[in-house]
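Each residue takes its place number in the sequence, starting with 1.
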Amino acid sequence: MKVFNNIALREIRKAKGFTQKRLAEAIGTVECHVQHWEYGLKAPSADYLLRIMLELGCAPEELSIDKGDNTLK
C-alpha cells in the first residue's frame, strides 16, 4: 500500500525553488500546513495533494512510498 512521502515533498519543493510559504500560497493554504506535511505530522487531503502535484509538476508516484518502507518519518 502506498502512503504520502513527506520527505519527498520537502526534497521536490526545494529542488523546484519553492519555500514552504511560496508553495502554501500557490496551492491556497497556509505555511503551517506545508510544515505539518513535511514533518510527517499530517498528510495533505486529496485536493491539496493534487494541487501540490500540479504546482510542483510531479507525479503521484513521486510523493508516495510503500507503507512497509522504514524511510517514512
Side-chain angles (χ1 to χ4, degrees):
M1 178 180 182
K2 298 281 187 179
V3 295
F4 177 70
N5 186 339
N6 60 304
I7 297 167
L9 172 59
R10 183 177 59 239
E11 291 173 355
I12 293 168
R13 175 186 56 77
K14 287 181 176 183
K16 300 284 183 167
F18 280 76
T19 63
Q20 290 178 336
K21 183 176 182 176
R22 183 171 162 223
L23 178 60
E25 290 171 350
I27 65 171
T29 192
V30 292
E31 185 178 358
C32 70
H33 287 161
V34 176
Q35 291 170 346
H36 287 166
W37 300 334
E38 289 189 2
Y39 297 147
L41 301 175
K42 296 181 179 181
S45 67
D47 180 53
Y48 280 120
L49 191 55
L50 178 59
R51 293 179 193 196
I52 291 167
M53 289 185 296
L54 291 172
E55 193 63 39
L56 298 179
C58 59
E61 300 82 31
E62 295 177 85
L63 293 175
S64 62
I65 193 167
D66 286 325
K67 188 175 182 179
D69 193 325
N70 291 331
T71 58
L72 183 64
K73 300 190 191 283

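- Scanning for side chain to side chain donor-acceptor pair (under 3.5 Å) contacts around Arg10 gives an empty result, with sequence neighbours left out.
- Remark: Leu9 CG to Glu38 CD distance equals 4.5 Å, nearest 0.5 Å.
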Show your reasoning for whether salt bridge (Lys or Arg N to Asp or Glu O under 4.0 Å) applies to Glu61 and Lys2.
CA-CA 9 Å; Glu61 300 82 31; Lys2 298 281 187 179; over 6 Å; no
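- Residues passing the side chain to side chain donor-acceptor pair (under 3.5 Å) test with Lys21: none are found, sequence neighbours excluded.
- Residues Glu55 and Phe18 share a closest heavy-atom pair of OE2-CZ, 3.7 Å.
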Walk me through it: do Ile12 and Glu62 pass the test side chain to side chain contact (heavy atoms under 4.5 Å, CB included)?
CA-CA 9 Å; Ile12 293 168; Glu62 295 177 85; 3.9 Å; yes
Distance-only donor-acceptor hits, side chain of residues 23-37, under 3.5 Å, sequence neighbours excluded:
| from | atom 1 | to | atom 2 | distance (Å) |
| --- | --- | --- | --- | --- |
| Thr29 | OG1 | His33 | ND1 | 2.4 |
| Gln35 | NE2 | Gln20 | OE1 | 3.4 |

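- To the nearest 0.5 angstrom, Lys14 atom NZ is 11.5 Å from Thr19 atom OG1.
- Between Phe4 and Ser64 the shortest side-chain heavy-atom distance does not fall below 4.5 Å.
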Leu63/Cys58 under side chain to side chain contact (heavy atoms under 4.5 Å, CB included): CA gap, chis, key distance, verdict:
CA-CA 8 Å; Leu63 293 175; Cys58 59; 3.7 Å; yes
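- Once rounded to the nearest 0.5 Å, the distance linking CG of Leu41 with CG of Asn6 reads 8.5 Å.
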